[in-house]
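The first residue in the sequence is number 1, and the count goes up from there.
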Amino acid sequence: MLESLKKIFSGNEGDMPASAGSKPDISREKSAELYEKAKAYFPGGVNSPVRAFKSVYGTPLFIQKGDGCYVWDADGNQFIDFCGSWGPLILGHNNAKVREKVTEVMQNGMSFGAPTALENELAELIIKNNKLVEKIRFTSSGTEAVMSAIRLARGYTKRDKILKFEGCYHGHSDSLLVKAGSGLVTFGESSSAGVPQSFAAETIVVPLNDTTALTEAFTRFKDQIAAVIIEGVPANNGLLIQDKIYIEFLQNICKENQALLIFDEVITGFRLGFEGAAAYYGIKPDIVTYGKIIGGGLPVGMYGASAEIMSHISPEGGVYQAGTLSGNPVAMAAGIAQLTELLRSGFYKELNNKTSEFAESIKRFVTARNYKVRIFYIGSIFWFAFTEKEQIRCAEDIDPASMEKFKIMHRELLNRGIYLGPSGYEVGFVSAAHTKIELEKAKRAIIESLEIVFRSK
């Protein structure tokens with residue numbers, strides 16, 4: 001028995017023995033061939049680390065197509081998809097209105113490196129319906145938007161230090177690719193090779209949901225902090241839903257110390273609502289960043305603020321930021337089509353209600369079984385945590401050992417035609433394309449998979 005358990009938790013590429021009730025593993029023959037070939041071209045065989053399936057069983061699945069709430073891999077396996085390209089496909093895959101708008105615009109060319117009317121059209125659509133921003137700047141990714149927002153905050157305040165929170169991810173720019181050192185309030189320590197410690201030292205890292213740590217940081221670094229940056233709802237390291245009182249405290253302490261508050265809404269922007277998590281909490285950050293949801297999944301990002309703060313961006317001001325593909329016409333076209341749909345009356349109410357019904361039905365099941373698993377959700381974002389805790393608000397509350405249960409669950413779900421991101425720290429997304437029929441199928445598959453997870457302990 002001990003040896004079989006060791007095999008279960010030491011496997012890496014599909015070598016976990018089947019448990020009672022398990023379904024046969026899906027075929028991954030073509031995906032495995034493509035992965036072997038990819039390893040000759042790309043580090044680790046992938047162009048983004050989480051895709052390597054290192055946290056779950058089996059080799060990566062190479063996706064061939066997507067339509068509605070479904071994706072198909074190179075072996076022809078069909079899955080109900082809850083990854084949605086990591087969130088931006090809020091309308092589902094291959095949405096007809098987005099596809100038609102993109103196809104129409106592509107007839108005239110795909111990139112000019114010059115202004116187009118489409119930029120104006122999308123900007124007007126956003127600014128007219130989002131009171132958080134008066135002027136915006138398009139970028140090519142969420143990472144680039146956040147990096148630019150940090151530079152803007154430093155240029156505007158003429159201060160150098162940035163405060164971020166342990167457990168929040170803001171892209172892979174040098175000053176934000178840091179982790180906490182030892183102690184309550186610390187300078188960041190490089191969390192990646194190639195990030196000079198001198199860069200990381202300009203970033204202060206404190207725990208989430210800790211007003212004492214925030215107060216101490218502003219006391220120790222008085223008049224040095226340019227900005228505090230936080231994910232609208234931290235969703236890159238679990239779903240760490242913060243209390244409204246804490247977010248209000250954060251906003252107030254920033255104002256008292258004349259530091260800017262940056263809301264990184266690359267995941268939550270246009271997902272929790274058209275004005276994202278800021279509207280959910282009822283606050284107005286100084287700068288807001290958004291990501292690929294603006295472009296229906298195409299490469300795009302955006303940051304925005306008041307006209308006064310944005311006037312510091314070049315060519316109007318002295319903070320330089322540029323990009324040949326910023327405002328790319330194809331991405332703008334996709335954004336116009338997608339955001340127009342999001343503004344449809346009742347869109348978010350319908351989507352959020354659907355997610356709530358889905359999550360609550362699973363919660364009732366695990367409660368009845370007394371299983372040590374929780375499903376946390378907000379808007380149309382959800383996350384499974386193998387814990388008994390009723391709330392998880394900081395990274396330290398996540399037990400790394402619980403990820404072994406997720407590995408089993410992930411494999412069982414794939415074998416039942418359900419696709420989640422290949423990491424237990426990643427969240428899932430419900431789209432407008434998920435119908436009650438697909439959500440019911442997914443619920444049954446999740447229940448069956450959880451039964452096996454807790455039978456395997």
Side-chain angles (χ1 to χ4, degrees), residues 26 28 31 34-35 45-75 77-95 98 141-142 169 231 233-239 266-272 291-299 334 338 351 354-355 358-359 362 375-385 403 406-407 409-435 438-439 441-443 445-446 449:
I26 56 172
R28 303 195 196 198
S31 280
L34 289 168
Y35 184 48
V46 292
N47 282 297
S48 188
V50 75
R51 299 178 192 174
F53 270 47
K54 292 295 185 183
S55 299
V56 293
Y57 291 106
T59 56
L61 301 185
F62 279 62
I63 303 302
Q64 189 164 302
K65 70 171 183 176
D67 193 69
C69 68
Y70 290 97
V71 291
W72 289 260
D73 68 11
D75 289 277
N77 299 305
Q78 178 180 334
F79 306 94
I80 299 173
D81 179 30
F82 289 103
C83 180
S85 193
W86 304 102
L89 302 184
I90 194 169
L91 300 179
H93 293 272
N94 198 25
N95 178 265
V98 174
S141 70
Y169 176 72
E231 290 183 70
V233 175
N236 276 286
N237 191 26
L239 186 60
V266 169
I267 288 182
T268 51
F270 302 98
R271 170 58 76 168
L272 297 190
K292 46 200 171 288
I293 196 168
I294 299 168
L298 274 69
Q338 172 141 296
L351 179 62
K354 190 161 51 176
T355 307
F358 172 65
I362 298 170
I375 178 167
F376 298 101
Y377 67 95
I378 183 170
S380 53
I381 306 172
F382 65 90
W383 176 55
F384 289 99
M403 295 303 149
F406 178 81
K407 287 174 71 171
M409 179 183 179
H410 188 267
R411 180 197 187 196
E412 295 299 331
L413 286 176
L414 287 181
N415 292 338
R416 288 165 173 74
I418 307 298
Y419 188 87
L420 290 179
S423 168
Y425 291 96
E426 299 289 352
V427 298
F429 302 90
V430 176
S431 76
H434 287 92
T435 69
E438 281 98 16
L439 291 174
K441 288 180 182 177
K443 183 189 79 172
I446 289 166
S449 299

Practice problem: Could you tell me which non-hydrogen atom of Leu34 sits nearest to which non-hydrogen atom of Ala74, and how far apart they are? | Solution: CD1-CB, 3.8 Å

Quiz prompt | Min side-chain heavy-atom separation Phe82-Leu439 under 4.5 Å | solution = yes

Self-check item: Asn77 and Leu61, any side-chain heavy atoms less than 4.5 Å apart
Solution: no

Quiz prompt | Contacts of type salt bridge (charged side-chain N to carboxylate O under 4.0 Å, His left out), residue Lys443, not counting sequence neighbours | solution = Glu440

Exercise. Could I get the full list of side-chain contact (heavy atoms from CB on, under 4.5 Å) partners for Leu298, not counting sequence neighbours?
Key: Val330, Ala331, Ala334

Exercise. Could you tell me how the ring of Phe384 sits relative to the ring of Phe382: parallel (under 30°), tilted (30 to 60°) or perpendicular (over 60°)?
Key: perpendicular

Practice problem: Evaluate the criterion side chain to side chain contact (heavy atoms under 4.5 Å, CB included) for residue pair Asp81 and Ile63; output intermediate values, then yes/no. | Solution: CA-CA 11 Å; Asp81 179 30; Ile63 303 302; over 6 Å; no

Quiz item: Glu412 side chain to Met409 main-chain N or O, any donor-acceptor pair under 3.5 Å?
Solution: no

Quiz item: Nearest 0.5 Å, what's the NZ-CH2 distance between Lys292 and Trp86?
Solution: 10.0 Å

Quiz prompt | Side chains of Val56 and Leu414 in contact at under 4.5 Å (non-hydrogen atoms) | solution = no

Quiz item: How far does CZ of Phe62 sit from CZ of Arg28, to the nearest 0.5 angstrom?
Solution: 12.0 Å

Exercise. Please lay out, stage by stage, how Ile267 and Phe429 fare under the test side chain to side chain contact (heavy atoms under 4.5 Å, CB included).
Key: CA-CA 10 Å; Ile267 288 182; Phe429 302 90; 4.0 Å; yes

Quiz item: What pairs with Ala445 under side-chain contact (heavy atoms from CB on, under 4.5 Å), at least two apart in sequence or on another chain?
Solution: Leu413, Arg416, Ile418

Quiz item: Donor-acceptor pair, Asp75 side chain versus Ser31 backbone, under 3.5 Å?
Solution: yes

Quiz item: What pair of heavy atoms forms the shortest contact from Ala433 to Gly92, and how long is it?
Solution: CB-CA, 3.9 Å

Quiz prompt | Results of ring-ring contact (aromatic ring centres under 6.0 Å, His included) for Phe79 - residues two or more places apart only | solution = none

Self-check item: Validation row: Glu231, Thr268 side chains within 4.5 angstrom (heavy atoms)
Solution: no

Exercise. Specify the closest pair of heavy atoms between Lys354 and His434, including all atoms of both residues, with the distance to one decimal.
Key: NZ-O, 2.6 Å

Quiz item: Between Trp72 and Asp67, does a side chain to side chain contact (heavy atoms under 4.5 Å, CB included) hold up when you go through it step by step?
Solution: CA-CA 9 Å; Trp72 289 260; Asp67 193 69; 3.9 Å; yes

Exercise. For Ser55 and Pro422, work out which heavy atoms get closest and say how close.
Key: CB-O, 3.6 Å

Self-check item: Partners meeting side-chain contact (heavy atoms from CB on, under 4.5 Å) with Ile90 (sequence neighbours left out)
Solution: Arg271, Ile293, Gln338, Leu342, Phe347, Tyr348, Leu351

Exercise. Give the minimum heavy-atom separation between Ile362 and Ile375, together with the two atoms involved.
Key: CD1-CD1, 4.2 Å

Self-check item: Selection residues 417-427 - residue pairs positive for side-chain hydrogen bond (donor to acceptor under 3.5 Å, both in side chains), sequence neighbours left out
Solution: none

Quiz item: Any donor-acceptor pair under 3.5 Å linking the side chain of Trp383 with the backbone of Gly424?
Solution: yes

Exercise. Search all heavy atoms of Leu272 against all heavy atoms of Ile378 and return the closest pair with its distance.
Key: CD2-O, 3.6 Å

Quiz item: With a 4.5 Å limit on heavy-atom distance, are the side chains of Leu89 and Asn95 in contact?
Solution: no

Quiz item: So Phe53 and His410, would you call those rings parallel, tilted or perpendicular, with 30° and 60° as cut-offs?
Solution: perpendicular

